[in-house]
K.L.:
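Here it is, the structure, as structure tokens.
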2 protein chains.
Amino acid sequence: MSKSGTTTPARATIRTVAADAGVSVAAVSKVLRNAYGVSDGLRDKVQKSIEKLDYRPSTAARGMRGRTYTVGVLLVELRNPFLPSVIDGVQRTLGKANYKALMGVGEARAKIEQSLIDSMVDMRMDGLLLVAPRLSGDRLARHAQRLPMVVIGHHEPTAALFDTVNSDDRRGARIAVEALLTRGHKDVHMISMPEENAAQNVYREREYGYRDAMVAAGLADRIRFWRQKERFAQPDGTIDALLESPDRPPAVFCWSDIAAVELINKAAARGINVPEDLAIIGYDDTPTAALPLIGLSSMDQHGTQIGELAAAALLSRIEGRTVPEHRLIEPGLILRRST
Amino acid sequence: MSKSGTTTPARATIRTVAADAGVSVAAVSKVLRNAYGVSDGLRDKVQKSIEKLDYRPSTAARGMRGRTYTVGVLLVELRNPFLPSVIDGVQRTLGKANYKALMGVGEARAKIEQSLIDSMVDMRMDGLLLVAPRLSGDRLARHAQRLPMVVIGHHEPTAALFDTVNSDDRRGARIAVEALLTRGHKDVHMISMPEENAAQNVYREREYGYRDAMVAAGLADRIRFWRQKERFAQPDGTIDALLESPDRPPAVFCWSDIAAVELINKAAARGINVPEDLAIIGYDDTPTAALPLIGLSSMDQHGTQIGELAAAALLSRIEGRTVPEHRLIEPGLILRRST
DNA sequence: CAGTCTACGTAGAACGTTATACGCGCTGCA
DNA sequence: TGCAGCGCGTATAACGTTCTACGTAGACTG
């Protein structure tokens, strides 16, 4: 922290290491990639020089020929409560294989996602892991053509060029709705996304699951959706409308805790008793749902496990697998006061 | 999406573009970097070819000589409620300058942070933006020696080699505590981090601010800290102890909403009335604090603004500035039911 | 003992940019 | 007329890896 002089010692390159160890550059490279044809003696010499010189290979240079040992992770939106646990799983699994994850945040906009993916490709990342991308199926396929890719939170069970790992949203929704039906409720309604966003197929799956449960219980005629209007979860009057409607149902299943938490708060503000007058189940099992003052029942998607599986799938794809894998993880119901 | 054949057309390189436009490779490079010595005619020709061939320069290759137009952003921990708004600001500002952000998640562990920063350096990113890093001051300085760097959420006002942008935590804490004092409370206590974590100096600053307010009110002898034990915000009995203590104070200032939300929930569970029997102010103004059922007063750090300023600082550093800048943003008090 | 195989190691071209150094044709001025 | 200066464009050497192709020595085979 002196004046300014402290000139940084030039960074060691593979050549420096080779010279120091008294071997060829190619030999060092082989050791780095633990490629075939390296004797123990040589490996040791090289390792020693590497440590001595504090050498780290330049990912940028690597990108020009071989692997970067880095994968790009595209996140929809930092506020998404599903993310942290997924990323935990991803990092753990990648870390074991000595891979690093570098992430971009798409702000839930296809344009931004597109440009972020381009950046990742331009950096020559070895693979892509997309979490709940907004991009359409064939756009995704186009990218998958160029490099290994795994998608989370986007149902595309017939995709041939990439893998998917998802919570079984249809089944999860059905489980949630059945829990409400078991309590004796008949008019179970669902709060869902706007139509165009439900095309974000995770939410469509949850709608199917809701339908499944209702139909199976012989309540097909009681099916009813309350659709939020805003793009993303901004309070927009839908929930107020539901609460004030003469048709207010005794039980509601919500596409996400985001809506369910708003619902439970606004119900309390109106003096509506939960769960006696209004039973609620949300989705995602956010930390907020677990607060005693909220006590919201919800569906746990097992994010960590999803992250681990997705990362493992990506690694095996990087190693050459090309036959697609599509996994569905069964979510778990967490019952709390609201049901 | 056919069988597998669909061989991807080889990606266009700067050479392809040069050939197509009938100019030299160097000319194309100049256009890309809008460097000196390009006529309008030449620029047009090149631009046209670039679009026609859908050419994008390889960041990896760029990294070997010049800039990558990418900055690395290191995040402490995805669950940190302060992050989303900061990143919004960062992305907006970087985007305008045609820079991209790629992020790493340090999981609040210095080891991981270190290795992530190394990765970013290895990728030849043009600069580093660290958000609430756990790394020590001189470790930070060491990195700053190698490339432009800006730090958020870590007070280091005398650092010579990098910039900092922070919320004025000391002042914010003082404002919060004064709001409690104004209500007539004398015994205002503070829930804080464990000692070693308070060395995470953001929290130490908040402790100073608490002290400042108490001392200024002539209540130095009433100062009292309740320190949580766990590394990060896991409920650990501290809050239960406070609530059951015979010395239970009438007002509490919390180092973060994380603690405050736990406090307000546990108080409710014990039938303690907030704010009559217990007034509370948290920090961070998380979405949870704003829920009607919670109604927690809190300090807004103006994260978006911090993100914008930090990104702007980083860009100007990349452009060559070397004299350090240390900015403090005044946070705002958000009063809700809990006070 | 010639020939083949295996294990280990090396030389050097490539990867796709940037940046330096230079060339060439015009202008303008003494 | 000579030549400095400027504006525009080009040739080419880096940058730090990987990877293919090849050489060599010793072990094994028939």
K.L.:
Are the side chains of A:Glu107 and A:Glu77 in contact, using a 4.5 Å heavy-atom criterion?
P.N.:
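Not touching, per the 4.5 Å side-chain cut-off.
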K.L.:
Below 4.0 angstrom, which residues in residues 40-52 of chain A have at least one non-hydrogen atom near DNA chain D?
P.N.:
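When residues 40-52 of chain A is checked for heavy atoms under 4.0 Å from DNA chain D, there are no hits whatsoever.
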K.L.:
Minimum heavy-atom separation for B:Arg79 and A:Ser85, please, with both atom names.
P.N.:
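Nearest pair, atom of B:Arg79 first, then A:Ser85: NH1-N, 4.1 Å.
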K.L.:
Between D:dG7, D:dT10, D:dC19, which one does the side chain of B:Tyr36 approach most closely?
P.N.:
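So the side chain of B:Tyr36 is nearest to D:dG7.
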K.L.:
Would you mind telling me which residue lines up with the more 5' stretch of DNA chain C, B:Gly66 or B:Lys30, judged by nearest nucleotide?
P.N.:
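Looking at the nearest nucleotide for each, B:Gly66 comes out on the 5' side.
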K.L.:
Which heavy-atom pair separates B:Met120 from B:Gly72 by the least distance, and what is that distance?
P.N.:
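In terms of heavy atoms, the two residues are closest at SD-CA, 3.7 Å.
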K.L.:
Looking at every strand, decide which applies to A:Ser39 at a 4.0 Å heavy-atom threshold: base, sugar-phosphate, or nothing.
P.N.:
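Touches sugar-phosphate only.
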K.L.:
Pairs under 3.5 angstrom, nitrogen or oxygen only, protein versus nucleotides 11-16 of chain D, please.
P.N.:
from	atom 1	to	atom 2	distance (Å)
D:dA14	N3	B:Arg65	NH1	3.2

K.L.:
Using a distance-only test with no angle check, is there a side-chain donor-acceptor pair under 3.5 angstrom linking A:Arg33 and A:Ser29?
P.N.:
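Their side chains do contain a donor-acceptor pair, which is all the 3.5 Å distance test asks for.
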K.L.:
For the pair B:Arg67 and B:Glu319, find out whether any cationic side-chain nitrogen is under 4.0 Å from an anionic carboxylate oxygen.
P.N.:
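Salt bridge: yes.
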K.L.:
Test A:Thr164 against every option in A:Arg327, A:His326, A:His154, A:Glu325 by the side-chain hydrogen bond (donor to acceptor under 3.5 Å, both in side chains) rule and name the one that passes.
P.N.:
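Result for side-chain hydrogen bond (donor to acceptor under 3.5 Å, both in side chains) with A:Thr164: A:His326.
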K.L.:
Would you say the side-chain atoms of A:Thr68 and A:Arg124 include a donor-acceptor pair closer than 3.5 Å?
P.N.:
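Not at all, the side chains of A:Thr68 and A:Arg124 share no donor-acceptor pair under 3.5 Å.
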K.L.:
Please list residues of residues 115-122 of chain A whose heavy atoms come under 4.0 Å from any atom in DNA chain D, ordered by number; otherwise none.
P.N.:
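Here the set is empty: none.
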K.L.:
Between A:Asp122 and B:Arg62, does at least one N-O distance fall below 4.0 Å, as a salt bridge requires?
P.N.:
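Here A:Asp122 does not pair with B:Arg62 in a salt bridge, since their nearest N and O are not under 4.0 Å apart.
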K.L.:
Any side-chain heavy-atom pair from B:Ile306 and B:Ser167 closer than 4.5 angstrom?
P.N.:
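In short, these two side chains touch, coming nearer than 4.5 Å.
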K.L.:
Taking only residues two or more places apart in sequence or in another chain, which ones pass side chain to side chain donor-acceptor pair (under 3.5 Å) with A:Ser49?
P.N.:
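Counting only residues at least two positions away or on another chain, A:Ser49 forms a side chain to side chain donor-acceptor pair (under 3.5 Å) with A:Asp20.
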K.L.:
Do the side chains of A:Arg56 and A:Glu51 get close enough for a salt bridge, i.e. N-O under 4.0 angstrom?
P.N.:
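Result for this pair is no, no salt bridge flagged.
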K.L.:
What I want to find out is whether A:Asp126 reaches A:Arg317 closely enough, with some N-O distance under 4.0 Å, to be called a salt bridge.
P.N.:
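Looking at A:Asp126 and A:Arg317, the cut-off is not met.
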K.L.:
At a heavy-atom distance below 4.0 Å, which nucleotide of DNA chain C is the first touched by chain A, and which is the last?
P.N.:
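Endpoints of the contacted stretch of DNA chain C: C:dA7 to C:dG16.
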K.L.:
Excluding sequence neighbours, so at least two apart, what forms ring pair (Phe, Tyr, Trp, His ring centres under 6.0 Å) with A:Tyr55?
P.N.:
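Expected list: none.
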